[in-house]
Amino acid sequence: MTHSQDPKSHLIALFQHAAGQFVQAEHLSIDLERPKQASHGDFACNVAMQLAKALKRNPREVAQAIVASLPASDLVEKTEIAGPGFINVFLKPAAWQNVALRVLKAGAQYGQVDLGKGEKIQIEFVSANPTGPLHVGHGRGAAFGASLANVLTLAGYQVQREYYVNDAGRQMDILALSTWLRYLTLGNQFVPFPANAYQGDYVSAMADSIYALHGERYMRPAAEVGANAPDAVSDPDGHLDALIANAKRLLGADYAYVHGHALEEQLGDGRNDLTEFGVLFDTWFSEKTLHESGLIDKAVKQLQQQGHIYEQNGALWFRSTAFGDEKDRVVLRENGIYTYFAADIAYHLNKFERGFERVIDVWGADHHGYISRVKGALTAAGADAERMIVTLVQFAVLYRNGQKASMSTRSGQYVTLRDLRAEVGNDAARFFYVLRKSDQHLDFDLDLAKSQSNENPVYYIQYAHARICSVLSAWGGSEADLLDANSARLEQPQELTLLRRIAEFPETVDAAARDLAPHSIAYYLKDLAAELHGLYAACQFLVEDEELKLARLSLIAATRQVIRTGLALLGVSAPERMSREDGGSVEDQPEKTGAAQENIA
RNA sequence: GCCCCCGUAGCUCAGUGGAUAGAGCAUCCCCCUCCUAAGGGGAGGGUCACACGUUCGAUUCGUGUCGGGGGCACCA
């Protein structure tokens, strides 16, 4: 048997053939792992232990039989049976040596796997209310979702990135009201500003701009704005709702302008922020269109016809307890307005109608109680809720000088994503955000993210890339010249280690896509960079021996390609040159990530 | 009360049911005449919270206990 592609799939085929004597191939999935210890070979197979019980034979005996019938291969150096029944496979150096050339030929395509098989998949993320600047929590969802989308794309999925715009709810009314109240003060119409309205400076800024554009046009007497409103202290929500109702009545058709202005400003601000962060969306889906197109009516009626809806206290309730929820939920409020939940049912039914095999929702961890009711409603409506996958992203807590730096109060006093990006740079922010499993709390160390030192994993990886660029530029040749390199000259232990690591990249992409775990890309890159630095310290690249030089250069050029692809998956730039600043200036610090993102999309 | 996440080295964390559990930082010791030292090499450091179970094998899966964090709206 000869090897067509990578060593692993080659070996799997060999084992499948050999194990065929015991079990039919379709019932067998061969599992090859990379042993932690080099003395256990390049790959270890546990199939003998798995078969031993069914066969009622000693696992080592089974291993013997399998080894005996392994087809001959020009990649395999030797096999060993070890421990309880592992079959350890040692490969000839040639098995790894050609990896570098494969990478150079494939270029940015290297790492592509066919896990998705072109399946249409949607990932919805961020979806923050456009009621104010994005904060550091949204940033994590953004970095995670964007990286995951990139990973899934490389893994063969047809990915659509979507942002759900909550442009229809009460929160938007509160923002419109808040803006208008600030505007009124510019005409000396003072209405006490409610504590539960939006307090941030950006609200006053919007009021200023409306005043600058339209002067007194939206001015109304302060006395009428607060008319008949319940007490702000004893009934803050009722107070706010009354003010909103008064605003709509007093402004009439002009209310839509104030509301629309606030929406566009905040949505535009968020979009710019995300774009600068290298986070791009294919679709911005408006909640308002769900109301206007009657999709929510349709969804609720559908549930109603199937007997999952009942009326109580003037509201319509969905019987979600029948689907595992702890409590039934309101879909149509007493005041005749649909809840966010109702919109979300229609929204998810609509996602499925748009032809996605699966939809991934990236939600903040505080929404976890929400999963069962949405899935329940989808099931009730006859959809397959299994196709909806919710990934919860836990909160990020910022630390500065060992102290918590994030204050999440409702008064607008939180650290924004823009502040964070300005402080640590896009690259560090993107990298640090995905350095932890998404479902785990993240301690974001601002000092570490900013430090231009070896402690900082972002620079460690980027520096590996820059070092390679520096060597290749000192050499001065073109990458095309490296395609003829004699890879058999790569024999040093550090060279073989690096070759193995590069060969592992497609498997890493596959696993990251399978587990929806972009953080494993970050860890892979740290390992890859470490091995590159190890090689750099051990071997000279620009040596006299022309053949050896080209072989080594082909290896580091391949490494550079994998680092580029990997960093692009995470939305982190791969600078060709890095220089350290003494005074802590960030002048030469790489910041742009947009280009990196586009390599993948 | 119910639900979710977590508990691995002094710290922050990796670890598809496999063999002697890893990395970075911190501590200690070494290495620039050489393609960027933002680098490399080495040492010490562990009851994988605890108990029971599942099995050839458990840090990994299940149950329970203890400890930490978060969530339970006619808000979105």
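What you are looking at is a predicted structure, and each value in this text was computed from that prediction instead of being measured. Letters A, B, ... are given to chains in the order of the sequence lines, protein chains preceding strands, and every chain is numbered from 1.
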If we take the [atom1] atom in both [N] and [M], what is their distance in whole Å?
{"N": "B:G69", "M": "B:C32", "atom1": "C1'", "value": "47 Å"}
{"N": "B:U8", "M": "B:A21", "atom1": "C1'", "value": "8 Å"}
{"N": "B:C6", "M": "B:G62", "atom1": "P", "value": "11 Å"}
{"N": "B:G45", "M": "B:C4", "atom1": "C1'", "value": "34 Å"}
{"N": "B:A23", "M": "B:G46", "atom1": "P", "value": "14 Å"}
{"N": "B:C48", "M": "B:G67", "atom1": "C1'", "value": "16 Å"}
{"N": "B:A19", "M": "B:G71", "atom1": "C1'", "value": "42 Å"}

What is the distance from [atom1] of [X] to [atom2] of [N], rounded to the nearest Å?
{"X": "A:D237", "N": "B:A73", "atom1": "CG", "atom2": "P", "result": "14 Å"}
{"X": "A:K526", "N": "B:C13", "atom1": "NZ", "atom2": "C1'", "result": "8 Å"}
{"X": "A:L435", "N": "B:C11", "atom1": "CG", "atom2": "P", "result": "19 Å"}
{"X": "A:E531", "N": "B:G40", "atom1": "CD", "atom2": "C1'", "result": "14 Å"}
{"X": "A:K8", "N": "B:U16", "atom1": "NZ", "atom2": "P", "result": "13 Å"}
{"X": "A:Y523", "N": "B:A14", "atom1": "OH", "atom2": "C1'", "result": "5 Å"}
{"X": "A:F432", "N": "B:C25", "atom1": "CZ", "atom2": "P", "result": "13 Å"}
{"X": "A:E504", "N": "B:U16", "atom1": "CD", "atom2": "P", "result": "13 Å"}

Check: With sequence neighbours left out, what residues match A:Y370 under side chain to side chain donor-acceptor pair (under 3.5 Å)?
Finding: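 Testing A:Y370 for side chain to side chain donor-acceptor pair (under 3.5 Å), a comparison that skips the adjacent residues, returns A:D344.
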Next item on the list: Counting heavy atoms from C-beta on, name the nucleotide in B:C74, B:U16, B:G40 closest to the side chain of A:Y460.
Entry: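 Out of B:C74, B:U16, B:G40, the nucleotide with an atom closest to A:Y460's side chain is B:G40.
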Note to self: Closest approach to the side chain of A:R333, judged atom by atom: which nucleotide of B:G70, B:C74, B:C35 is it?
What the structure shows: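 Nearest listed nucleotide: B:C74.
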Taking a pair as Watson-Crick or G-U wobble with both distances under 3.5 Å, which nucleotide is matched to [N]?
{"N": "B:G22", "result": "B:C13"}
{"N": "B:A49", "result": "B:U65"}
{"N": "B:C35", "result": "none"}
{"N": "B:C72", "result": "B:G1"}
{"N": "B:A58", "result": "none"}

List the atom pairs, donor and acceptor, that lie under 3.5 Å between side-chain atoms in residues 360-369 of chain A and the rest of the protein, sequence neighbours left out.
from, atom 1, to, atom 2, distance (Å)
A:D361, OD1, A:K351, NZ, 3.2
A:D361, OD2, A:H348, NE2, 2.5

Students often get this wrong, so: under 4.0 angstrom with heavy atoms, is [X] touching a base, only sugar-phosphate, or nothing?
{"X": "A:D445", "value": "nothing"}
{"X": "A:A315", "value": "base"}
{"X": "A:W475", "value": "nothing"}
{"X": "A:F444", "value": "nothing"}

Margin query: Can you pull out the residues from residues 536-557 of chain A that lie within a 4.0 Å heavy-atom distance of RNA chain B?
Written below: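 When residues 536-557 of chain A is checked for heavy atoms under 4.0 Å from RNA chain B, the hits, listed by number, are A:Y536, A:A537, A:C539, A:Q540, A:F541, A:L542.
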Notebook entry, point to check: Start at the 5' end of RNA chain B and walk down; is the nucleotide closest to A:D515 or to A:A466 reached first?
Noted result: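 Its nearest nucleotide being more 5', the pick is A:D515.
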Next item on the list: Identify, between A:E576 and A:N129, the residue whose nearest nucleotide on RNA chain B lies closer to the 5' end.
Entry: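 Residue closer to the 5' terminus by nearest nucleotide: A:E576.
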Check: Would you call A:K549 and A:E547 a salt bridge, using N to O less than 4.0 angstrom?
Finding: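 The answer is no: the pair does not qualify as a salt bridge.
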Notebook entry, point to check: Does B:C25 sit syn or anti, given that only angles within 90° of 0 count as syn?
Noted result: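 You should classify B:C25 as anti.
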Checklist line | Residues A:H441 and A:R436: side-chain donor-acceptor under 3.5 angstrom | finding: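 A:R436 and A:H441 do not have a side-chain donor-acceptor pair below 3.5 Å.
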Check: Will you find, in the side chains of A:Y198 and A:Q171, an N or O donor that is under 3.5 Å from an N or O acceptor?
Finding: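 On atom types as modelled, these side chains qualify, holding a pair under 3.5 Å.
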Notebook entry, point to check: Would you call the rings of A:Y164 and A:Y340 parallel, tilted or perpendicular, where under 30° means parallel and over 60° means perpendicular?
Noted result: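 Perpendicular.
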Does [X] have any ring pair (Phe, Tyr, Trp, His ring centres under 6.0 Å) partners at least two apart in sequence or in another chain, and if so, which?
{"X": "A:F318", "answer": "A:F323"}
{"X": "A:H239", "answer": "none"}
{"X": "A:F341", "answer": "none"}

Mind checking what makes side chain to side chain contact (heavy atoms under 4.5 Å, CB included) contact with [X], not counting sequence neighbours?
{"X": "A:E507", "result": "A:K8, A:R34, A:E504"}
{"X": "A:D31", "result": "A:N46"}
{"X": "A:K375", "result": "A:I371, A:A385, A:M388"}
{"X": "A:R60", "result": "A:N58, A:I81"}

Margin query: Under 3.5 Å, is there any donor-acceptor pair linking the side chain of A:H519 to the base of B:A14?
Written below: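 Counting by modelled atom types and ignoring angles, no donor-acceptor contact under 3.5 Å is found here.
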Item checked: Summary of protein contacts for nucleotides 2-10 of chain B, nucleotide by nucleotide, where a base hit scores B, a sugar-phosphate-only hit scores S (4.0 Å, heavy atoms) -> SBSSS----
Checklist line | Under 4.0 Å protein heavy-atom contacts per nucleotide of nucleotides 17-22 of chain B, with B for base, S for backbone only and - for none | finding: -BBB--
Next item on the list: Walk me through it: do A:R564 and A:E576 pass the test salt bridge (Lys or Arg N to Asp or Glu O under 4.0 Å)?
Entry: CA-CA 10 Å; A:R564 273 182 188 163; A:E576 306 210 338; 3.7 Å; yes
